[in-house]
Amino acid sequence: MWQVRFLPGALIKMYNLHCHSLLSDGELLPSEIAVRFAALGYKAIAITDHADYSNIESVVSAILNFTKRWPKSANIKVLAGIELTHLPPEQFKPLAKYAREKGIKVIIGHGETLVEPVINATNRAALEAGIDILAHPGLISDEDTKLAKKNGVFLEITSRKGHSDTNRHVVEKALKFGAKLILNLDSHSPEDIITPQELKKVALRAGLTAGAIDTIHKNTENFIRKKSS
Ligand SMILES: [Zn+2]
Ligand SMILES: [Zn+2]
């Protein structure tokens with residue numbers, strides 16, 4: 001059984017369920033993404049390329065071809081994902097349903113970040129569409145935070161520049177209304193692939209306590225276990 005060699009000093013269990021590859025606007029092949037994350041001690045990733053009606057069939061089939069053949073014995077698990085991005089709100093439901101039926105494990109909705117012109121009411125449409133994670137939800141409202149809790153959707157705390165401006169807001173709302181949080185990188189290039197220790201600092205800067213971070217890890221682990229079976 002082969003293993004990716006760990007870089008020294010990185011043995012913390014960690015996860016990143018938001019990565020972009022050459023299948024959309026990322027710089028690396030899925031294989032190189034997996035190997036680079038494994039080298040930093042990550043235990044599981046999801047490859048979640050941007051999709052709309054123009055490319056969803058090809059992206060879904062390509063990532064499933066990849067993840068089906070990724071060796072079970074590897075020391076990093078790779079889940080097939082997709083990020084529904086900049087859709088007219090009414091398209092979230094049909095595209096989430098399509099991805100799920102094809103066997104995609106992690107469906108992300110590209111939320112209302114303040115650094116891109118995302119259509120208003122995108123957070124709501126994504127939360128109602130059966131997604132797993134609402135990425136960078138910007139200044140998410142109380143109502144939408146409650147909906148995330150009700151529908152069991154993770155709200156994302158991100159290390160990505162710009163999207164991370166509203167991390168504190170997302171933490172406050174999620175803690176207030178009991179919605180689940182997840183820590184993700186939204187990586188596109190080698191420089192974005194930070195260590196688990198650096199990702200933990202992002203979480204602390206967002207106002208999360210060590211205890212709250214532990215809870216996030218437990219919830220994420222449970223989610224990955226459920227999606228891997
Ligand atoms: Zn992107
Ligand atoms: Zn993304």
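In each ligand, atom 1 is the first atom listed, and ligand 1 is the first ligand listed. One is the number of the first residue; the rest follow in order along the sequence. This one's a predicted model, so the numbers in the text were calculated from it and none came from an experiment.
In this structure, the side chain to side chain contact (heavy atoms under 4.5 Å, CB included) partners of A125, at least two apart in sequence or on a different chain, are P89, F92. Scanning for ring-ring contact (aromatic ring centres under 6.0 Å, His included) contacts around H86 gives H110, with sequence neighbours left out. With sequence neighbours left out, the side chain to side chain contact (heavy atoms under 4.5 Å, CB included) criterion links K102 to V60, L64, Y98.
Around the NZ atom of K173, the shell of radius 6.0 Å holds more than 12 heavy atoms that belong to other residues, nucleotides or ligands.
When distances from the Zn ion (ligand 1) to the N, O or S atoms of D25 are compared, OD2 comes out shortest.
N222 pairs with exactly one of K226, R225, K218 by the side-chain hydrogen bond (donor to acceptor under 3.5 Å, both in side chains) rule, that one being R225.
The Zn ion (ligand 2) has H18 NE2, H20 NE2, E83 OE1, D186 OD1 as protein N, O or S atoms under 2.8 Å away.
For the residue pair Y53/Q91, the side-chain donor-acceptor check at 3.5 Å is not satisfied.
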